[in-house]
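What follows is a single structure, written as structure tokens, with notes after it.
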Amino acid sequence: MTTFFINLLRIMKYPFQEIELKWQKFWEEKKVYKTDLTDLEKKIYCLVMFIYPSAAKMHIGHWYNYGPTDSWARFKKLRGYNVFEPIGYDAFGLPAENYAIKTGIHPQDSTLQNINDIRAMVKHMGGMYDWDSELMTCAPEYYRWNQWLFLQLYKKGLAYRKNAPVNWCPSCQTVLAREQVLNDGSCERCGTTVVQKNLTQWFFKITDYAEELLDGLNKIDWPEKTKTMQINWIGKSIGAEVDFSVSGTDDKIKVFTTRPDTLFGATYMVLAPEHPLVDKLTTSEFKKKVDEYKDSIKSMTEIDRTSTVKEKTGIFTGAYAINPVTNKYIPIWIADYVLMTYGTGAIMAVPGQDERDWEFAEKFDLPIIRTVQTPEGFEGKAYIEDGPAINSEFLNGFYVEDAKKKIIKWLEEKGIGKHTINYRLRDWLISRQRYWGTPIPIIHCDECGLVPVPEDQLPVVLPYNVNFKPDGGSPLASNSEFVNTKCPKCGSDAKRDVDTMDTFVDSSWYYLRYLNPKYDKGMFDPELGKAWTPVDMYVGGAEHAVMHLLYARFIHKFLRDIGLVISDEPFQKLIHQGTITNLGAKMSKSKGNVVDPNQFVYEYGADVFRMYMMFMGPYELGGDWSDKGIVGVDRFVQRTYSLFNNHRNYSIDFPSKERYDLNGLSEVEKAIYRKVNQTLEKIQTEVEHFRFNTAVAALMELLNELKSLDECVNNFKTFVLERFALMFAPLAPHLGEECWYLLGYEKSLFENPKWFEVDKSALIEDKVNVAVQVNGKLRATIEVPINSDKEATAKAAKSDERVIKHIQDKEIVKEIFVPNKIYNIVVK
RNA sequence: GCCGAAGUGGCGGAAUUGGUAGACGCGCUGGACUCAAAAUCCAGUGAGGCUCAAACCUCGUGCCGGUUCGAGUCCGGCCUUCGGUACCA
């Protein structure tokens, strides 16, 4: 007997395993999510940042990124848009290679295995991805076009080689990424102190696009925060370049300054220790100390060097430069706070107007001259605000902006300086001394030099057999079959470039490849690229605010310049999902605070888990993980299922009307009719703006209202249930389909998208509650007919006992009336 | 240090352009069902005061001040937390 009842309850409970699988199979077999890319009317390209398959599992962050975004896409689909929603794998990269070094499992094998596992999980989530457009960047038919892109950039002079410092571990004999260097500057693998080493590297000349990358930000709908970060990253500053002669030589030192107006106050110069002139200028007397100083900073990262807490260090070179306006000799120093990578690698130091220079001058007892009048009572050190120039001869009295213009004119006339715009943005270093990436399509020939691989010989296939264990140099160098080749130009023996590309190259154009990943006549189908970009909605983490999102914008603009796309920007609208933390910290293996989503997916089902992630809070905020509320969403789903289970075939047996006249409805029906239409309107605006938490809450409210559904006539019930199912479907797609099916429909909802119009006339209540305040304090709420005028509301308000109590024997000074909302009586 | 975001019940969080603070959910309390429990359903639930109870009153959105008939929302000054960034000449 007892067992019987328990079994009965089990039967009644929403069998999510069965139903989710049923619809996943249906969607896939019927290719419900195959997008017709030729249908451009009402097209929407909805993109999520593709998956980095460094582990075989989908973590909470993936679910949080993909689930809600898929719900948005489904909502758009139901509303009649032709939505393209692809998914793929950012499959190259360091983690797979590190894993290989540790375990011996080849990166290709582990990556393909991970992709298979992750694909199954993505399907389990129930996203409406167009599986025909799935791609992975480690496939030759994908990275072939990275190589092609490289050659186009090379042709235009936008891919070039130069020396650049890398983090080098002398023990492992390998280049390290910044994340492989620990905070104390040691190698994460062996603990040896990492040093900076110069290597010849490939760069993409993103700086050529600096101005346009800055400009373009005005045209796109991105979070202000992200745009600001890009603006700061590009770091445009306007100033001047000035040449300083070096005493006793013909050498000139070029400096960049944003404050040319302070030239009269330049009392010394500082070069970056790596500056090419340092060795030449240093006098024999100081050579030893300078060399020692250079050695002492060799193992310092840029972060160490530029730390604000560290005391200033530096050393005199023994040489002097000549200040071009005062003709005075000023000492030339070197110091680590000047970086070779910014500006010209040399500064004129003006301690009077620069805090860093002041600190340095004070420490090393260098002269300080103020060239801007400080305001009365100013007691600080360097004065960086505006003011009239002093101690500056022909500039005296001019304020900063005017003084700048005047001195730049003077410098230009004398031919020793010019107006300059400088960017903080550096060119993009794309070569990696790694295995698991796209080979660089260049051949080194002793006769012809650098020779690009002819386009018809692409792809340069990444060989499987290499020694990817770190033993110096690029792993590809270990495969002689790969390395040794013939020069395409002269036919003599030559060697292939053994470096691979940064994976940010892969992710800079994948959204174009999705449109037809099998296209073999080019990087992507240009017709589709032109029609489907910019991407309408791009959703991904804020950690990509600068690098990925800037590189992709650069590449897109380049592709436009060579005629492959016509849009200026790749991503029109951008949304960042928040970060889900656990116990106050980002989830990571090393912290041991990773939450496995599968335990919840297996216990409650994909729909419940997705919906719970949406219900947790504002999408863009993220928050700390807690599974406390998931039972609430589960109950909601259970109640929904039993509601529809109890109304099977209603759409067939009791077809509803398009709309109902309020006057013909009972009081209960009227209330429900209003609520349904209000909810429909609410869902529309909330889901549209990624406010899923309030959308779910609105549906829960509606379900609560439906407790009295039994008191309604049958065809009215159908009206309500159909709308409920439709609103529910984007948020919980499997059960949404099932509800629609339970109502008696043969065609799947997402196969035959549908949306109901709001009956606006039902949104208006006929009675409203007006808050009556006395001196701004709530004293009563009264119910009045909607749109009651001031007089009528006042009459009702002032006859309420609770109000009378507070206004009797008092003088009414003022009365404020906001129709349908507030009646405030101000008394003395 | 600088830039950005956020501080609301026991908890996650709601709250158009300033207009009834606490929607929705969790938890908790009481009740129904049950031999009992679980599940489910119903009711209550910011704090305090006064009440047998209700009514009612006071306080209440990190802190201090301001503007306003009216402030979670606007302004000024702080505090805390979380992200981002690192001497950019």
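Here is how names work: the chains are called A, B, and so on, in the same order as the sequence lines, proteins then strands, and each is numbered from 1. This is a predicted model, so every value here is computed, not measured.
The same atom, C1', is picked in rA55(B) and in rG66(B); the two are 37 Å apart, to the nearest Å. rG70(B) and rG12(B): their P atoms are spaced 32 Å apart (whole Å). Between the P atoms of rA6(B) and rG76(B), the separation comes to 16 Å (whole Å). Nucleotides rU45(B) and rG25(B) are separated by 14 Å at their C1' atoms, to the nearest Å. Of the P atoms belonging to rU67(B) and rC82(B), the separation is 35 Å, rounded to the nearest Å. Rounded to a whole angstrom, the distance from the P atom of rC11(B) to that of rG46(B) is 14 Å. Taking atom P on both rC87(B) and rG13(B), the two are 35 Å apart, rounded to the nearest angstrom. Rounded to a whole angstrom, the distance from the C1' atom of rA89(B) to that of rG84(B) is 23 Å.
Across all strands shown, Asn704(A) has heavy atoms under 4.0 Å from sugar-phosphate atoms exclusively, and none from any base. In this structure, His576(A) reaches neither bases nor backbone, as no heavy-atom distance under 4.0 Å exists between it and the strands shown. As judged by a 4.0 angstrom heavy-atom cut-off over every strand, Val338(A) is placed among the base-contacting residues. The residue Asp357(A) sits apart from the nucleic acid: no heavy atom pair falls under 4.0 Å.
You'll find that the side chain of Ser237(A) is closest to rA89(B), out of rC56(B), rA5(B), rA89(B). Among the nucleotides rU17(B), rC56(B), rG84(B), the one closest to any side-chain atom of Met229(A) is rG84(B). The side chain of Lys586(A) lies closest to rG84(B) when the candidates are rG12(B), rU20(B), rG84(B). Residue Glu701(A) places its side chain closer to rC24(B) than to any other of rG4(B), rC24(B), rG19(B). For Arg424(A), taking side-chain heavy atoms from C-beta onward, the closest of the listed nucleotides rA86(B), rC87(B), rC26(B) is rA86(B). You'll find that the side chain of Thr228(A) is closest to rC3(B), out of rC3(B), rA89(B), rU20(B). Of the candidates rA14(B), rA89(B), rC69(B), the closest approach to any side-chain atom of Thr694(A) belongs to rA14(B). Taking every side-chain heavy atom of Pro618(A) into account, rA14(B) is the closest of rC3(B), rA14(B), rA89(B). Comparing atom distances between the Phe615(A) side chain and each of rG19(B), rC87(B), rC24(B) picks out rC24(B) as nearest. Nearest to the side-chain atoms of Thr257(A) among the listed nucleotides rA89(B), rG4(B), rU20(B) stands rA89(B).
Using a 4.0 Å cut-off between charged side-chain N and carboxylate O, Lys252(A) and Asp243(A) make no salt bridge. Salt bridge present: Glu701(A) and Lys675(A) bring a charged side-chain N and a carboxylate O closer than 4.0 Å. Salt bridge Glu815(A)/Lys790(A): absent, no basic N to carboxylate O contact under 4.0 Å. Lys312(A) and Glu362(A) are not joined by a salt bridge, as no carboxylate oxygen comes within less than 4.0 angstrom of a charged side-chain nitrogen. The pair Glu211(A)-Lys236(A) meets the salt-bridge criterion, since a charged nitrogen lies less than 4.0 angstrom from a carboxylate oxygen. Taking 4.0 Å as the cut-off between side-chain N and carboxylate O, Asp221(A) and Lys227(A) do not count as a salt-bridged pair. Glu401(A) and Lys404(A) are joined by a salt bridge, as a carboxylate oxygen and a charged side-chain nitrogen come within less than 4.0 angstrom of each other.
The distance between atom CG of Asp354(A) and atom P of rC88(B), rounded to the nearest whole Å, is 7 Å. The separation between Asn775(A) atom CG and rU20(B) atom P is 17 Å, rounded to whole Å. Summarising the geometry, the separation between CE on Met611(A) and P on rG12(B) is reported as 22 Å, rounded to the nearest angstrom. With rounding to whole Å, Ile421(A) atom CD1 is found 19 Å from rC88(B) atom P. If you take NZ of Lys381(A) and P of rC87(B), they are 20 Å apart, rounded to a whole angstrom. One can place CZ of Arg691(A) at 15 Å from C1' of rG13(B), the figure rounded to the nearest angstrom. Whole-Å rounding puts the Asp624(A) CG to rC26(B) P distance at 20 Å. Atom NZ of Lys821(A) is separated from atom P of rC69(B) by 20 Å (rounded to the nearest Å).
Between Arg779(A) and rU20(B) there is no side-chain polar atom (N or O) within less than 4.0 angstrom of OP1 or OP2. Within the structure, a side-chain polar atom (N or O) of Arg802(A) is placed less than 4.0 Å from OP1 or OP2 of rC56(B). Between rA23(B) and Asn693(A), no contact under 4.0 Å exists linking OP1 or OP2 to a side-chain N or O. In this model, the phosphate group of rC42(B) is approached by a side-chain N or O of Lys707(A) to a distance below 4.0 Å at OP1 or OP2. Under 4.0 angstrom from either OP1 or OP2 of rG12(B) there lies no side-chain N or O belonging to Lys628(A). The shortest distance between the side-chain N/O atoms of Arg635(A) and the OP1/OP2 oxygens of rA39(B) is not below 4.0 Å. Listed pair His806(A) / rC57(B) meets the phosphate criterion, a side-chain N or O lying under 4.0 Å from OP1 or OP2.
Nearest-nucleotide positions on RNA chain B place Lys682(A) closer to the 5' end than the other of Lys682(A) and Thr344(A). Where Phe256(A) and Ile825(A) each meet RNA chain B at their nearest nucleotide, the meeting point lying more 5' is that of Ile825(A).
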Exercise. Can you check salt bridge (charged side-chain N to carboxylate O under 4.0 Å, His left out) on Asp766(A) and Arg674(A), steps first, answer last?
Worked result: CA-CA 11 Å; Asp766(A) 38 31; Arg674(A) 284 215 170 92; 3.5 Å; yes
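Within the cation-pi definition used here (under 6.0 Å to the ring centroid, within 45° of the axis), Arg610(A) does not qualify as a partner of Trp63(A).
Side-chain to base pairing of Lys312(A) with rC87(B): one donor and one acceptor N or O lie within less than 3.5 Å of each other.
Remark: RNA chain B takes part in the stems B:1-7 with B:79-85, B:10-12 with B:24-26, B:27-32 with B:40-45, B:46-49 with B:56-59, B:62-66 with B:74-78, each of 3 or more antiparallel Watson-Crick or G-U pairs, criterion distances under 3.5 Å.
Shown here, rG9(B) is classed syn by the O4'-C1'-N9-C4 or O4'-C1'-N1-C2 angle, which is within 90° of 0.
Counting non-hydrogen atoms of neighbouring residues, nucleotides and ligands closer than 6.0 angstrom, the CD atom of Glu783(A) exceeds 12 such neighbours.
Tyr342(A) contributes no side-chain N or O that, together with a main-chain N or O of Leu425(A), makes up a donor-acceptor pair within less than 3.5 Å.
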